Each structure stands twice: as structure tokens, then as C-alpha cells.
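Along the sequence shown, the residues carry numbers beginning at 1. Everything numeric here is computed off the predicted structure, so don't read it as measured data. Each ligand, and each atom within it, is numbered from 1 in the order the structure gives.
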Amino acid sequence: MIKFITFEGGEGSGKTTIIDNLLKDLSALGFDVVKTREPGGSKIAEEIRHVILNKENTAMDYRAEALLYAASRRQHLQEVIVPSLKANKLVLCDRYLDSSLAYQGYARGLGIDQVYQINQYATEGLLPDLTFYIDVDPQIGLSRIQSAHRTVDRLDLETANFHKLVRNGYLEVAKMFPQRIITIDGKRPILEIYEEIKNIILEKMNAVTKEAK
Ligand code: TYD
């Protein structure tokens, strides 16, 4: 039974829109759906998120960063995900441990295996039943969200390079978990991607849609 679904991808991959639409449509089909996100999703986890994403924390060490993401994940898991799963709800989570594997493990260079291990401790091995990785060229993703930018400065270039690494990280992680992670071609129109994802979920849940006219 599919109960815990996560969504992964780089900037501008359309995750948020897709999750919002799923919440609406799956709820209308009668599923009891919980939408949540990482880092954050509960009060303490949101406080940790604030520390991690605070632009003033330029001195943040990469390992400290990975541990903070794992701590935020643990808290969110205990407060939101596990109780929701116990109550038989369908949990849709925007990012989960694969983000740490791709961003901290691969792109920051800490090593996917090492970051997996600290997350193993944080989650006690609780993996999603299903993960959608929405794969999009970071140039397309970034242009979707910064279409007003005229010139590319040094920071933009660094960011673009980092996001290329993140994408390679995700592709690597998807290869490691072929049963769990479904890679979706994210360069198509968002509604087309959404329909594909929704159909996969419904198929996997063996749900009979009553859309036959
Ligand atoms: P957020 O604004 O939630 O990004 P998005 O809308 O793209 O999901 O910021 C979360 C940032 O944190 C995002 O850049 C990805 C990063 N991140 C990690 O590096 N590791 C992690 O484990 C998680 C959950 C997120």
C-alpha cells in the first residue's frame, strides 16, 4: 500500500504546483491527504529551517548543515509524518532524504553514503513508498523562476554550477533506488507532468477513478 510519497527536484521543477494539485484532486477522490514539506513542516523543524536557510549564516559548515537537515527531518517525522501514517493518511512531502543525498551528499561533496548513514539514524530507516524526481535542466528551471534577469553575474554562475551538481546527484540517487524513485521528464508543460504523476499514483494505489464518462 502506498502511503508516503515524496517529491524531489531542483529549482523551478514545479514540485509545489504538482503537490498542490494532487492535494486537491486526491482529496476530491476521497483520499485523506496530508501535504507537508522539508526542511520544516512543524514548529521546531521550521526553527531549524530558519537557521539553515538564514542568509547571514555564511559560516555554516557543510557537515553541520547536513546534520541540521537531518535533525529537522527527525523532528518533522516524529511530529507529522509518523502520526499521519499511523492514522492511515496519504502523506505528500515536498523533499525528504533524497534532497540531503543530492545536495549535501553529492553537490557539497560529503558523500552520498555518509549522508545516507546520518539519515538512517535520523529516520530509523523510514523510507518513502514512492518518490518522484522531477528532472529538469537547471538552466530551464532557473529561467522559469528568474525570467527577469538580464545579465548573469558571478554568483548566478556559481549557482548554476551548483544546480548542475545537484541534478547529477539526483540522477545518481535515482540509480541507487530504482524501485522507489521514478524519474519524471520535467521539461514538459506542468499540467502534462501533473497528469502523468497523478495517473502513476492512482495506478499504484489500485484506485478505480470514476472518470469514465
Ligand atoms: P525551499 O525554499 O523549501 O526550496 P524549494 O522550494 O526548492 O523546495 O528551500 C529548501 C532548500 O534546502 C532547497 O534549496 C533545497 C535545500 N535542501 C537541502 O539542501 N537538503 C535537504 O535535505 C533539504 C530537505 C533541502
Q: Glu38 versus ligand 1: do any nitrogen or oxygen atoms come within less than 3.5 Å of each other?
A: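 No; the residue has no nitrogen or oxygen that sits under 3.5 Å from a nitrogen or oxygen of the ligand.
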Q: Can you name the closest pair of heavy atoms from Ser13 and Ile134 and give their distance?
A: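 Closest heavy-atom pair between Ser13 and Ile134: O-CG2, 3.4 Å.
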Q: For atom 25 (C) of ligand 1, what's the nearest protein heavy-atom neighbour? Residue, atom name and distance, please.
A: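 Of the protein heavy atoms, Tyr69 CE2, 3.4 Å lies nearest.
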Q: Consider every N or O of Arg95 and every N or O of ligand 1, then say whether any pair is closer than 3.5 Å.
A: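 Yes: some nitrogen or oxygen of Arg95 is under 3.5 Å from one in ligand 1.
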Q: Give a yes/no verdict on whether any heavy atom in Arg49 is under 4.0 Å from an atom of ligand 1.
A: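 Per 4.0 Å heavy-atom rule, Arg49 contacts ligand 1.
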Q: Any nitrogen or oxygen of Arg37, side chain or backbone, less than 3.5 Å from one on ligand 1?
A: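 N/O-N/O distance below 3.5 Å does not exist for this pair.
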Q: Picking from Val82, Val80, Ile81, what satisfies side chain to side chain contact (heavy atoms under 4.5 Å, CB included) with Gln78?
A: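 So the option named by the test is Val82.
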Q: Considering only protein heavy atoms, which is closest to atom 6 (O) of ligand 1, and at what distance to one decimal place?
A: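 Minimum-distance protein heavy atom for atom 6 (O) of ligand 1 reads Lys15 NZ, 4.3 Å.
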Q: Under a 4.0 Å heavy-atom limit, does Glu11 contact ligand 1 with its side chain, its backbone, both, or neither?
A: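 The part of Glu11 near ligand 1 is the side chain, not the backbone.
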Q: In sequence, state the C-alpha distance, the side-chain angles, and the governing distance for Arg49 and Glu38, and then conclude on salt bridge (Lys or Arg N to Asp or Glu O under 4.0 Å).
A: CA-CA 8 Å; Arg49 173 191 173 92; Glu38 281 201 2; over 6 Å; no
Q: Which atoms form the tightest heavy-atom contact between Ile193 and Arg188, and what is the distance?
A: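 Closest heavy-atom pair between Ile193 and Arg188: CD1-O, 3.3 Å.
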Q: So which protein heavy atom does atom 10 (C) of ligand 1 come closest to, and at what separation?
A: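 Looking only at protein heavy atoms, the one closest to atom 10 (C) of ligand 1 is Pro39 CD, 3.8 Å.
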Q: Can you find an N or O of Gln104 that's nearer than 3.5 Å to an N or O of ligand 1?
A: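 For ligand 1, there is an N or O atom that lies under 3.5 Å from one belonging to Gln104.
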Q: Will you find, in the side chains of Arg95 and Tyr103, an N or O donor that is under 3.5 Å from an N or O acceptor?
A: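 Yes, a side-chain donor-acceptor pair sits under 3.5 Å.
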Q: Is there at least one pair of N or O atoms, one from Arg73 and one from ligand 1, spaced under 3.5 Å apart?
A: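 Between Arg73 and ligand 1 (N or O atoms, distance only) the closest approach is under 3.5 Å.
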Q: Is it the case that atom CD in Gln139 sees more than 12 heavy atoms from other parts of the structure closer than 6.0 Å?
A: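 Incorrect, the count does not exceed 12.
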Q: Using a distance-only test with no angle check, is there a side-chain donor-acceptor pair under 3.5 angstrom linking Tyr170 and Glu8?
A: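 There is such a pair (donor and acceptor under 3.5 Å, judged by atom type) between the side chains of Tyr170 and Glu8.
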